[in-house]
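Quick notes on the structure that follows.
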Amino acid sequence: MTLALTIEERAARARAELRIGAAAALTSGARAALIGAAEALAPERLEDMRRLGASLDLAITARRAETLKARAYDGDIARIILGPEDGAALIRSAADPASDLDAPLKGPFRTRREGPADLHRAAIRLTKQAHLLPAALVAELPGGAEQARALAAEHGLSVLDAAELAAAEAEALVVDPVARARVPLAASEAGRVHVFRPRDGSEEHYAVEIGDPPRDAPVLARLHSACFTGDVIGSLKCDCGPQLRAALARMAQEGAGVLLYLNQEGRGIGLANKMRAYSLQDQGFDTVEANHRIGFEDDERDFRIGATILRRLGFSAVRLLTNNPRKVGMMEQSGLTVAERVPLIVGENPLNAAYLRTKAAKSGHLM
Ligand SMILES: Nc1nc2c(ncn2[C@@H]2O[C@H](COP(=O)(O)OP(=O)(O)OP(=O)(O)O)[C@@H](O)[C@H]2O)c(=O)[nH]1
Ligand SMILES: [Zn+2]
């Protein structure tokens with residue numbers, strides 16, 4: 001029956017469900033759990049999960065666990081054991097770094113050592129993909145997958161298999177061209193915008209083509225990650241706006257180029273989480289420390305999507321405008337030739353100098 005949803009479609013739906021505070025069910029073989037996003041799940045639903053579950057955990061990343069001084073027995077993640085008294089306030093304080101400074105001695109949190117952590121890991125992945133705080137409530141069901149399917153059928157919940165979910169992530173890298181049109185730009189009247197839609201239902205990405213770059217020669221290219229604050233409202237905290245405009249100006253000057261505008265706001269964590277990171281930066285943490293304290297890696301972007309889009313446009317070799325060696329490495333790993341790295345050093349000001357120094361010192365950016 002082709003009306004049945006694929007795992008990718010069910011994952012897209014589950015991400016939306018987590019964002020609106022609904023629960024979903026995850027299975028792994030005969031085991032299963034109900035999950036919810038720590039920042040969104042309604043308290044009444046939490047009580048249902050507590051009632052139905054043989055256990056109730058808060059799954060967090062090892063990064064967040066480090067800030068909370070909780071032991072991460074599962075490598076990249078940790079499972080905080082919630083007791084009957086642990087309600088919404090405790091969950092929020094464990095998941096959300098906003099109050100860390102007011103309550104520096106959170107916890108102590110007891111973390112789980114025994115048993116598999118695959119359901120917890122899958123739940124955290126979904127919250128990250130939904131651009132929520134990377135923290136999930138996980139109630140293991142005593143009746144396993146059978147109980148999960150019965151509950152899902154009764155209440156209209158999504159049921160996803162953790163292993164299938166991981167395998168389905170490759171679909172995020174498959175994009176289809178949707179529409180394109182001429183858009184005369186201030187930098188160059190020979191502008192054209194192409195919209196690409198990922199098969200996994202995640203956000204669309206755009207390509208801005210300047211002129212008519214030949215497909216058989218390395219194209220002057222930029223992979224620009226969305227920065228609402230820098231690109232749109234002129235934030236002085238980063239260099240994104242000036243980089244965006246300088247890249248287009250350089251392409252206009254050469255008469256040809258392609259700028260990918262990738263919707264990877266905040267290095268892939270979304271604007272809400274980026275503002276959480278900025279709030280931590282106001283408390284004195286640098287850009288990398290701030291990401292870690294929320295529970296993210298320094299950089300959650302997958303640049304392979306950029307290579308895919310370039311190839312869809314017919315390019316196989318680039319002269320890449322970037323100061324980030326990771327972008328060069330990822331393009332090459334994806335089979336694109338980087339004929340040259342073209343530095344893009346613009347837009348330093350007194351308010352972003354420390355940020356740019358941190359990127360150079362900790363993230364390997366070339367200055
Ligand atoms: N999480 C987080 N993201 C930030 C911060 N400042 C800027 N960003 C995001 O960082 C990304 C900047 O991306 P780029 O300029 O494309 O990449 P880059 O790694 O700096 O590399 P190049 O500019 O190519 O040298 C954008 O998605 C911004 O939204 C910050 O303090 N925290
Ligand atoms: Zn920026």
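Order of listing sets the numbers, starting from 1, for every ligand and every atom in it.
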For [X], take its heavy atoms, then give the atoms of ligand 1 lying under 4.0 Å from any of them.
X: N323; result: 22 (P), 24 (O), 25 (O)
X: C227; result: 28 (C), 29 (O)
X: R222; result: 14 (P), 15 (O), 16 (O), 22 (P), 23 (O), 24 (O)
X: I269; result: 1 (N)
X: T287; result: 30 (C), 31 (O), 32 (N)

Of the protein's non-hydrogen atoms, which lies at the shortest distance from [atom], and what is that distance?
atom: atom 16 (O) of ligand 1; answer: K327 NZ, 2.9 Å
atom: atom 18 (P) of ligand 1; answer: H365 NE2, 3.3 Å
atom: atom 1 (N) of ligand 1; answer: N291 OD1, 3.0 Å
atom: atom 6 (N) of ligand 1; answer: Y355 OH, 3.2 Å
atom: atom 22 (P) of ligand 1; answer: T322 OG1, 3.4 Å
atom: atom 20 (O) of ligand 1; answer: K359 NZ, 2.3 Å

With a 3.5 Å cut-off and no angle check, do the side chains of [X] and [Y] form a donor-acceptor pair?
X: H120; Y: D74; result: no
X: K128; Y: T61; result: no
X: R304; Y: Q333; result: no
X: H292; Y: E66; result: no
X: Y206; Y: N263; result: yes
X: R301; Y: S225; result: yes
X: Y355; Y: D239; result: no
X: S279; Y: R276; result: no
X: Q281; Y: E289; result: no
X: K106; Y: S99; result: yes
X: S202; Y: R15; result: no

Decide whether the shortest distance between a heavy atom of [X] and an atom of ligand 1 is less than 4.0 Å.
X: L344; result: no
X: Y278; result: yes
X: L223; result: yes
X: F228; result: no

Side chain, backbone, both or neither: the part of [X] lying under 4.0 Å from ligand 1 by heavy atom:
X: N273; result: neither
X: F296; result: neither
X: A226; result: backbone
X: R267; result: both

Worksheet entry | Donor-acceptor contact below 3.5 Å, side chain E146 vs main chain G143 |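 Pair absent, no side-chain N/O of E146 close to backbone of G143.
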
| said: So does L132 get a backbone contact from the side chain of E39, meaning a donor-acceptor N/O pair under 3.5 Å? | reply: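 Absent.
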
* Asked: Is the charged tip of K237 near the ring of Y278: under 6.0 Å from the six-membered ring centre and within 45° of its axis?
  ->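 Yes, a cation-pi geometry holds between K237 and Y278.
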
If you measure from the Lys or Arg side-chain nitrogens to the Asp or Glu carboxylate oxygens, is any gap between [X] and [Y] under 4.0 Å?
X: E254; Y: R250; result: yes
X: D76; Y: R121; result: yes
X: E300; Y: R267; result: no

Looking only at non-hydrogen atoms, which of [options] approaches [atom] most closely?
atom: atom 14 (P) of ligand 1; options: H224, K237, R301, Q264; answer: R301
atom: atom 12 (C) of ligand 1; options: C238, A277, G266, C240; answer: C240
atom: atom 23 (O) of ligand 1; options: Q243, K274, E297; answer: Q243

Notebook entry, point to check: What number of protein N, O or S atoms occur at distances under 2.8 Å from the Zn ion (ligand 2)?
Noted result: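 Step by step: take the Zn ion (ligand 2), keep protein N, O, S below 2.8 Å, and you get 3.
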
